[in-house]
Amino acid sequence: MPELPEVETVRRGLNELVGGSEIKTIEVLYPKMLNNLTADQFIATLSGRTIEKVDRRGKYLLIRLSGDLTIVSHLRMEGNYDVVPEGTTPHKHTHIIFHLTDGRELRYNDTRKFGRMAVVNTGDEYTVSGLKTIGPEPTEKTLKLEYMEQIFAKSKKAVKPFLLDQSKIAGLGNIYADEVLWMSKIHPERPANSLTIAELKELRSNIILELQKAIAGHGTTVHSYSNAYGEAGSFQNQLNVYGREGEPCLRCGTPIVKIKLAQRGTHFCPNCQVLTEE
DNA sequence: CAGTACGCCTGGTAGC
DNA sequence: TGCTACCAGGCGTACT
């Protein structure tokens, strides 16, 4: 499932593969994935435009087109792009085909059809729901400790679902949320406002570090994720808790426990990550 | 306002 | 074997 590192990997791949390419025509096979345009409007508006570059904010891809238009593309759970020679048989889950003037096709595929696209004037992307309220990017520069102290102090919510809230911090999904809590030795059910400043400091550096490392590993492949080259990431080999239910904690050997928290599978070490405050 | 439950979707798999 | 039931979870929406 694409989280920030996977989306960043897709962004880089798209820039290399189709940056500078011109869209000849478009086929929309699943119109419901378009947020704010009909299929006909989408085709008419975007045909003939050049893909200038691809940016990213949180888990949103911002595909910049000539004429100051931006496609805001969210992959949700299983969306992915690939680039193939024109005439390649679309597979079962291909929903949009951008025919390029250079004889290739950029295709959007999405098994579960959760992904969405919207088209806005470049600069207006923050009017798209989700981006309207998005929190800071999890980098050294943009995610300040003081900001974290402020927002955590204001919420009684369990820290795991708190980390999944994109309006607080952008980019974390279910996998990396479990990972950074394990790294920081924080129990996922601890109320956000119970974390000490020392814990927040630790959590902050782990979030930043973990996402950097995952980007370096081209993302995590669980289920169906692949980048624009159709390649899987490698970071799943570096996961410490996610998907390791019953296996020994890599720090202390205690079997990893899986619970359901806010409707999400949540993995943690019951020995390293204790519920009571220090 | 803050917090929570559900719907959207399909493929894979556990269980009978 | 073949069927059903359920799980995977990001995010918008509806609700308390």
Side-chain angles (χ1 to χ4, degrees), chain A residues 1-11 29-36 56-62 72-81 90-96 108-118 120 125-135 137-138 150-181 188-194 211 214 219-226 232-233 236 239 241-246 256-268:
Chain A
M1 50 224 68
E3 301 181 32
L4 189 150
E6 293 73 43
V7 179
E8 175 62 18
T9 304
V10 170
R11 182 191 77 78
L29 306 173
Y30 184 68
K32 268 184 77 175
M33 68 161 299
L34 303 176
N35 258 353
N36 62 347
R56 179 190 58 75
R57 179 72 170 88
K59 302 177 196 170
Y60 294 80
L61 288 167
L62 305 171
V72 179
S73 168
H74 198 300
L75 307 174
R76 294 281 183 97
M77 300 296 299
E78 307 197 14
N80 67 79
Y81 285 94
H91 53 73
K92 200 173 166 185
H93 301 297
T94 299
H95 303 313
I96 310 259
Y108 177 77
N109 316 292
D110 189 341
T111 308
R112 290 170 71 184
K113 300 180 175 169
F114 279 4
R116 293 291 178 265
M117 287 184 200
V120 296
E125 48 268 17
Y126 290 100
T127 60
V128 173
S129 72
L131 279 176
K132 231 179 282 187
T133 53
I134 197 157
E137 288 289 310
Q150 276 177 31
I151 59 166
F152 278 72
K154 277 191 280 192
S155 175
K156 291 179 291 192
K157 202 192 255 189
V159 62
K160 164 75 185 283
F162 188 84
L163 288 178
L164 294 177
D165 183 344
Q166 304 297 300
S167 72
K168 303 298 193 295
I169 301 171
L172 289 168
N174 205 44
I175 297 173
Y176 297 116
D178 282 3
E179 291 298 315
V180 296
L181 288 174
E189 290 182 288
R190 289 266 306 278
N193 63 7
S194 77
L211 293 180
T220 299
T221 297
V222 177
H223 304 302
S224 62
Y225 162 77
S226 65
Q236 64 277 10
L239 298 181
V241 273
Y242 184 87
R244 297 192 64 248
E245 182 184 13
I256 297 299
V257 168
K258 183 180 181 185
I259 60 170
K260 196 106 176 171
L261 179 52
Q263 335 244 78
R264 306 272 155 75
T266 297
H267 311 72
F268 68 100

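The structure displayed is predicted, hence computed values, not measured ones. Labels below follow one simple rule: chain letters A, B, ... track the order of the sequence lines, proteins then strands, and each chain is numbered from 1.
Here the P atom of nucleotide B/dT10 and the CG atom of A/N109 are 15 Å apart, to the nearest Å. Rounded to whole Å, the distance from NZ on A/K168 to P on C/dC11 is 13 Å. One interatomic measurement links the two molecules: CG of A/L163 to P of C/dC11, which rounds to 14 Å at whole-angstrom precision. Computed from coordinates, the A/L75 CG to B/dC9 C1' distance equals 16 Å when rounded to whole Å. If you take NZ of A/K160 and P of B/dG3, they are 17 Å apart, rounded to a whole angstrom. Rounded to an integer number of Å, the gap from A/R264 CZ to B/dC6 C1' is 11 Å. To the nearest angstrom, C1' of B/dG11 lies 8 Å from CD of A/E78. We find that CE of A/M33 is positioned 18 Å from P of C/dG10, with the value rounded to whole Å.
Checked against B/dT4, C/dG10, B/dC8, the side chain of A/K157 finds its nearest nucleotide in B/dT4. The nucleotide whose nearest atom lies closest to any side-chain atom of A/E3 is, among B/dT10, C/dG10, B/dC9, C/dG10. When distances are taken from the side chain of A/K156 to each of B/dG3, C/dG10, B/dC8, the shortest belongs to B/dG3. With distances taken from any side-chain atom of A/Q263 to the nucleotides C/dC11, B/dT4, B/dA5, the minimum falls on B/dA5. Residue A/Y242 has its side chain nearest to C/dA8 when only C/dA8, C/dC11, B/dT10 are considered.
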Checklist entry - Could you spell out the base pairing of DNA chain B in dot-bracket, with Watson-Crick or G-U pairs whose two distances are under 3.5 Å, [ ] crossing and | to another strand? => result .|||||||.|||||||
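The phosphate of C/dC11 (OP1 or OP2) has a side-chain N or O of A/K59 nearer than 4.0 angstrom. Between A/Y30 and the phosphate of B/dC9, there is a side-chain N or O to OP1/OP2 separation shorter than 4.0 Å. A/K113 has no side-chain polar atom (N or O) that falls below the 4.0 Å cut-off from OP1 or OP2 of C/dG10. Between A/K154 and B/dC1 there is no side-chain N or O to OP1 or OP2 distance below 4.0 Å. Contact annotation: A/K132 side-chain N/O to C/dG12 OP1/OP2 distance is not under 4.0 Å. At least one side-chain nitrogen or oxygen of A/Q166 sits closer than 4.0 Å to the OP1 or OP2 atom of C/dC11. Regarding contacts with the backbone of B/dC9, every side-chain N or O of A/H93 stays at 4.0 angstrom or more from both OP1 and OP2. The phosphate of B/dA2 (OP1 or OP2) has no side-chain N or O of A/S155 nearer than 4.0 angstrom. In this structure, A/H74 reaches the C/dC11 phosphate: one of its side-chain N or O atoms is under 4.0 Å from OP1 or OP2.
With hydrogens and angles left out, the side-chain atoms of A/N109 and A/T94 include a donor and acceptor closer than 3.5 Å. With 3.5 Å as the limit, one finds no donor-acceptor pair spanning the side chains of A/H95 and A/D110. With no hydrogens or angles considered, no side-chain donor-acceptor pair links A/S73 and A/Y108 at under 3.5 Å.
Taking the six-membered ring for Trp and thresholds of 30 and 60 degrees, A/Y60 and A/H74 have ring planes more than 60 degrees apart, a perpendicular arrangement.
Of all non-hydrogen atoms in A/N174 and A/L164, the two that sit nearest each other are N-CD2, 3.6 Å. Among all heavy-atom pairs drawn from A/G58 and A/A170, the shortest one is CA-CB, 3.8 Å. Among all heavy-atom pairs drawn from A/A177 and A/L172, the shortest one is N-CD2, 4.4 Å.
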Quick test: give all pairs of protein nitrogen or oxygen and nucleotides 14-16 of chain C nitrogen or oxygen below 3.5 Å, distance rounded to 0.1 Å.
none

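Position along DNA chain C of the nearest nucleotide to A/G265 versus A/S129 favours A/G265 as the more 5'-ward residue.
Remark: the A/R112 side chain and the C/dA8 base include a donor-acceptor N/O pair separated by less than 3.5 Å.
Taking OH of A/Y242 as the start and CD1 of A/I175 as the end, the distance is 4.5 Å to the nearest 0.5 Å. Separating the CG atom in A/N36 from the CE atom in A/M117 is a distance of 12.0 Å, to the nearest 0.5 Å.
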Checklist entry - Between A/K92 and A/T111, is a side-chain contact (heavy atoms from CB on, under 4.5 Å) present by the stated rule, with each step listed? => result CA-CA 8 Å; A/K92 200 173 166 185; A/T111 308; over 6 Å; no
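Comparing the P positions of B/dA5 and C/dC7 gives a spacing of 15 Å, expressed to the nearest Å. A distance of about 15 Å separates the P atoms of B/dC9 and C/dA14, rounded to the whole Å.
With respect to the salt-bridge test (charged N to carboxylate O, under 4.0 angstrom), the residues A/R57 and A/E137 qualify.
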